[in-house]
Amino acid sequence: MKRISIVLFAVLCSVTINAQEVKKVTPALEIGVGLSVEANSGYGECVKGLATEFNFGLDIRLDDKWSVMPQIGHNIMFGDAWYLFRGYIGADYDVYSFYNVSILGRYKLDNGVAVGFGPAIYITDGKDTYYIDADPSDPREGLVKIKPWDYGLRAALTKDYGKHWRIGALANVGLRDMLYQYPDVGITGHTHLFSLCFTAGFRF
């Protein structure tokens with residue numbers, strides 16, 4: 001995935017250099033923080049935590065109202081973040097880290113406001129496994145929790161300020177059941193991942 005990210009980044013930079021000559025492309029960096037939701041049915045309960053976002057994209061203008069924005073980035077979901085950052089010992093926290101690729105269709109409203117919507121792919125960065133501190137011999141110990149990739153939808157609402165600044169909100173909606181099934185140890189059901197972040201960005 002790291003090689004794919006490097007290639008995509010190189011392609012985006014190349015497009016940026018060429019497109020700047022005709023001034024139809026606006027590169028943008030954004031960071032965000034907000035709420036993550038791990039919606040479980042069957043094994044486990046719904047887990048709420050902290051979500052983070054870091055994305056780089058190119059807003060490619062089609063006309064005065066419409067544009068297309070391909071993005072690459074990285075997002076993390078910290079389940080039970082309050083307990084995680086307070087250093088509670090023995091708890092099995094969910095920390096899911098992803099590289100992401102998305103393409104948003106964007107429609108510009110008045111006063112610098114734009115809405116975007118499109119498909120996204122999320123590829124896990126590392127493997128989160130079950131940690132059974134009370135009984136290391138538990139058969140769930142060390143099993144991988146979620147599948148290596150997810151697909152979903154991404155929606156964004158942004159407002160531009162001045163020549164460079166942008167604030168907004170970004171939602172990720174996972175459509176794939178991400179739970180690895182281990183029926184022999186009682187792990188069955190469904191897990192879908194969601195996040196909503198408030199974002200701040202810089203337009204070049």
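Contact of the Phe194 side chain with the Asn172 side chain is not registered, since no non-hydrogen atoms from C-beta on lie closer than 4.5 Å. Contact check for Ser67 versus Ile60: no side-chain heavy atoms found under the 4.5 Å cut-off. In this structure the side chain of Lys108 never reaches within 4.5 angstrom of the side chain of Val113, judged on heavy atoms. At a threshold of 4.5 Å between non-hydrogen side-chain atoms, the residues Leu153 and Phe117 count as touching. In this structure, Phe202 and Trp165 have side chains that are in contact, with non-hydrogen atoms separated by less than 4.5 Å. At least one side-chain heavy atom of Thr124 sits less than 4.5 Å from a side-chain heavy atom of Ile146. Looking only at side-chain heavy atoms (C-beta outward), Asp94 and Met77 stay at 4.5 Å or farther from each other. Thr199 places none of its side-chain heavy atoms less than 4.5 Å from the side chain of Val33.
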Candidate pair Arg176 and Asp150, rule salt bridge (Lys or Arg N to Asp or Glu O under 4.0 Å), full reasoning: CA-CA 6 Å; Arg176 188 184 188 199; Asp150 193 6; 6.0 Å; no

side-chain contact (heavy atoms from CB on, under 4.5 Å) evaluation trace for Phe204 with Leu29: CA-CA 8 Å; Phe204 294 91; Leu29 281 171; 3.7 Å; yes

Candidate pair Val37 and Val47, rule side-chain contact (heavy atoms from CB on, under 4.5 Å), full reasoning: CA-CA 6 Å; Val37 178; Val47 177; over 6 Å; no

Check against side-chain contact (heavy atoms from CB on, under 4.5 Å), His74 and Asp125: CA-CA 9 Å; His74 191 268; Asp125 174 20; 3.3 Å; yes

Test side-chain contact (heavy atoms from CB on, under 4.5 Å) applied to Trp149 and Lys147, step by step: CA-CA 6 Å; Trp149 61 274; Lys147 298 172 184 177; over 6 Å; no

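Atom CG of Asn111 is surrounded by 12 or fewer heavy atoms from other residues, nucleotides or ligands within 6.0 Å. Asp63 CG: more than 12 foreign heavy atoms inside a 6.0 Å radius. A 6.0 Å sphere centred on CG of Leu62 holds more than 12 heavy atoms belonging to other residues, nucleotides or ligands.
Without hydrogens or angle criteria, Asn40 side chain to Tyr43 main chain gives no donor-acceptor distance under 3.5 Å. Checked by atom type and distance alone, the side chain of Arg203 pairs as donor or acceptor with a backbone atom of Gly162 at under 3.5 Å. With hydrogens and angles disregarded, no donor-acceptor distance shorter than 3.5 Å links the side chain of Glu141 to the backbone of Asp135.
Nearest heavy atom pair, residue Ala39 against residue Cys46, reads CA-SG, 4.4 Å.
Other members of a hydrophobic cluster containing Phe198 are absent, since no ILVMFWY side chain comes under 4.5 Å of it, directly or through relayed contacts.
Taking 4.0 Å as the cut-off between side-chain N and carboxylate O, Arg140 and Asp138 count as a salt-bridged pair.
Judged by a 6.0 Å distance limit and a 45° cone about the ring axis, Lys145 is positioned over the six-membered ring of Tyr130.
Residues passing the salt bridge (charged side-chain N to carboxylate O under 4.0 Å, His left out) test with Arg106, sequence neighbours excluded: Asp59.
Counted by atom type alone, Tyr131 and Asp133 present one or more donor-acceptor pairs between their side chains at under 3.5 Å. Under the 3.5 Å distance criterion, with hydrogens and angles disregarded, no donor-acceptor pair is assigned to the side chains of Asn55 and Gln71.
Distance check: Glu53 CD to Leu170 CG gives 5.0 Å after rounding to the nearest 0.5 Å. The OG1 atom of Thr191 lies 5.5 Å from the CD atom of Glu38; values are rounded to the nearest 0.5 Å. Separation of atoms OG1 (Thr52) and CG (Asn75) is listed at 7.0 Å; rounding is to 0.5 Å. With rounding to the nearest 0.5 Å, the separation of OG in Ser36 from CG in Leu50 is 6.5 Å.
Tyr93 and Phe78 end up in the same hydrophobic cluster when Ile, Leu, Val, Met, Phe, Trp and Tyr side chains are linked at under 4.5 Å.
The aromatic rings of Tyr180 and Tyr182 are tilted relative to each other, their planes meeting at an angle between 30° and 60°.
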